[in-house]
Amino acid sequence: MSDPTRTIASPHSVIDNRSERSERRSAPANRSEPLQPPDRLVALVREMSPEAVVLGIPFRMDGSEGEMAREVREFGRRLAESTGVRVVEWDERLTSALARRSLAEGGRRGRRVPKGREDMVAAAHLLRAYMDSLE
C-alpha cells in the first residue's frame with residue numbers, strides 16, 4: 001500500500017487463496033466461467049478504495065511472456081471487473097530477489113522468514129518501482 005502522497009510503499013498483507021480455490025474446485029466445473037479473484041481480495045480493494053491496484057506480471061528474464069504472465073493478466077482483468085478499480089500491470093522480475101536482500105539487510109539473514117513476508121516485501125518493492133516511474 002502507499003500513503004496518499006505516494007511517498008511510502010508498505011507491505012499490507014498476504015491473502016492465501018488456496019482454501020477458496022479448493023472450495024471452488026469441489027463445485028461443478030464450468031470451463032466457460034473463469035475463476036474470480038479471491039473474495040477477501042475483492043473486499044479489501046473495495047474497502048481501501050485505492051486509485052489503482054498495481055499487479056506484478058511475471059515476465060521471463062528475457063522479457064518474454066509465458067503462460068503464467070497471461071494468467072496473471074487475466075486475473076487482473078477479472079479483478080478490475082469485480083472491483084471497478086483500475087489495475088496497472090508492472091514487471092515483477094527480480095522483486096523477490098530484492099525482497100530477500102532487504103530482509104537479509106534487516107537482520108533476517110540465516111533466520112527463517114515468516115510465511116508470506118517475502119511476498120509482502122516484494123510487493124512493496126514492486127509498488128515503489130511503479131511510484132518512482134510516476135515522478
Side-chain angles (χ1 to χ4, degrees):
M1 294 200 61
S2 171
D3 64 305
T5 64
R6 294 187 191 145
T7 305
I8 300 168
S10 303
H12 183 275
S13 60
V14 172
I15 296 176
D16 182 355
N17 67 344
R18 286 179 291 186
S19 62
E20 281 189 39
R21 278 194 316 234
S22 57
E23 286 172 18
R24 288 180 178 149
R25 258 191 230 125
S26 63
N30 181 352
R31 296 234 183 254
S32 65
E33 188 175 319
L35 290 177
Q36 292 299 309
D39 294 338
R40 289 168 290 185
L41 177 60
V42 171
L44 179 64
V45 171
R46 287 179 177 159
E47 175 189 329
M48 303 305 283
S49 300
E51 181 180 311
V53 172
V54 180
L55 183 66
I57 305 296
F59 292 107
R60 294 178 178 142
M61 288 308 291
D62 67 2
S64 64
E65 184 176 298
E67 182 61 29
M68 182 59 78
R70 286 187 287 278
E71 288 179 23
V72 171
R73 285 181 189 272
E74 177 62 18
F75 175 87
R77 186 187 67 72
R78 293 189 317 261
L79 181 62
E81 287 175 358
S82 297
T83 63
V85 174
R86 181 171 62 102
V87 173
V88 176
E89 297 176 351
W90 200 256
D91 185 350
E92 74 170 23
R93 284 179 291 177
L94 301 177
T95 55
S96 293
L98 284 170
R100 283 189 291 278
R101 186 177 316 140
S102 296
L103 289 165
E105 289 171 359
R108 286 260 179 226
R109 186 180 307 263
R111 292 174 43 198
R112 183 165 163 72
V113 175
K115 184 173 173 32
R117 182 70 182 155
E118 184 178 306
D119 292 335
M120 289 173 35
V121 173
H125 281 291
L126 179 89
L127 179 57
R128 177 78 262 153
Y130 170 72
M131 292 187 319
D132 288 348
S133 78
L134 299 174
E135 296 174 353

Q. Hey, which of Leu126, Asp119, Val121 is the one that makes side chain to side chain contact (heavy atoms under 4.5 Å, CB included) with Thr95?
A.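 So, applying the side chain to side chain contact (heavy atoms under 4.5 Å, CB included) to Thr95 and each of Leu126, Asp119, Val121, only Leu126 qualifies.
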Q | Arg86/Val88 under side-chain contact (heavy atoms from CB on, under 4.5 Å): CA gap, chis, key distance, verdict | A | CA-CA 6 Å; Arg86 181 171 62 102; Val88 176; 3.3 Å; yes
Q: Specify the closest pair of heavy atoms between Ile57 and Glu89, including all atoms of both residues, with the distance to one decimal.
A: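 Closest heavy-atom pair between Ile57 and Glu89: CG1-CB, 3.6 Å.
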Q) What closest approach, in Å, do Val14 and Gly116 show between heavy atoms, and which atom pair accounts for it? A)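 Smallest heavy-atom distance, with atoms named: CG2-O, 3.3 Å.
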Q: Is it possible for you to say whether Met1 and Val87 belong to one hydrophobic cluster, with membership spreading through side-chain heavy-atom contacts below 4.5 Å?
A: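 Yes: a chain of side-chain contacts under 4.5 Å links Met1 to Val87.
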Q) Given the rule that I, L, V, M, F, W and Y join up when any side-chain heavy atoms are under 4.5 Å apart, are Leu79 and Met48 in one cluster? A)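 Yes, Leu79 connects to Met48 through the hydrophobic network.
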Q. Can you find a pair of side-chain heavy atoms, one from Leu103 and one from Arg117, that are under 4.5 Å apart?
A.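 The answer is yes, as the side chains (C-beta and beyond) meet within the 4.5 Å cut-off.
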**Q.** Name of the residue among Val54, Asp91, Leu55 meeting side chain to side chain contact (heavy atoms under 4.5 Å, CB included) with Tyr130
**A.**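 In the set Val54, Asp91, Leu55, the residue that makes a side chain to side chain contact (heavy atoms under 4.5 Å, CB included) with Tyr130 is Val54.
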Q. Does Phe75 share a hydrophobic cluster with Val53, counting links as ILVMFWY side-chain heavy atoms below 4.5 Å and allowing steps through other members?
A.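 Result: yes, single cluster for both.
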**Q.** Spatial distance of atom CZ (Arg128) from atom OG (Ser10) [nearest 0.5 Å]
**A.**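 If we round to the nearest 0.5 Å, Arg128:CZ and Ser10:OG are 9.5 Å apart.
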**Q.** 4.5 Å side-chain heavy-atom contact, Ser2 and Ile8
**A.**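 The answer is no; the side chains never approach within 4.5 Å.
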Q. Should the pair Arg77-Glu81 be classified as a salt bridge under the 4.0 Å nitrogen-to-oxygen rule?
A.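 Yes, charged N to carboxylate O under 4.0 Å.
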**Q.** Considering all heavy atoms, the nearest Met68-Pro58 contact
**A.**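 That would be CG-CG, 3.5 Å.
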**Q.** Nearest-0.5 Å distance that lies between atom OG in Ser13 and atom CE in Met120
**A.**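 Answer rounded to 0.5 Å: 7.0 Å.
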Q: Quick one: closest heavy-atom pair of Ala9 and Ala124, and the distance?
A: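 The pair with the smallest heavy-atom distance is CB-O, 3.5 Å.
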(Q) Just verifying a value: how many Å separate Glu47 CD and Arg40 CZ, rounded to the nearest 0.5 Å? (A)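 Separation between the atoms: 14.0 Å.
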Q. Would you call Arg6 and Glu51 a salt bridge, using N to O less than 4.0 angstrom?
A.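 Salt bridge flag = yes for Glu51 with Arg6.
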(Q) Does this structure show an ion pair linking Arg100 with Glu118, if we count only N-O contacts that are shorter than 4.0 Å? (A)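 Yes, this pair counts.
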Q) Using 4.0 Å as the upper bound for N to carboxylate O, is an ion pair formed by Arg78 and Glu74? A)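 The answer is yes: the pair qualifies as a salt bridge.
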Q: Mind listing the closest non-hydrogen atom pair of Met61 and Leu94 along with its distance?
A: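 Result for this residue pair: CE-CD2, 3.8 Å.
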Q. Where is the tightest heavy-atom contact between Arg73 and Phe59, given as atom of each residue plus distance?
A.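 Between these two residues, the closest heavy atoms are NH2-CZ, 3.3 Å.
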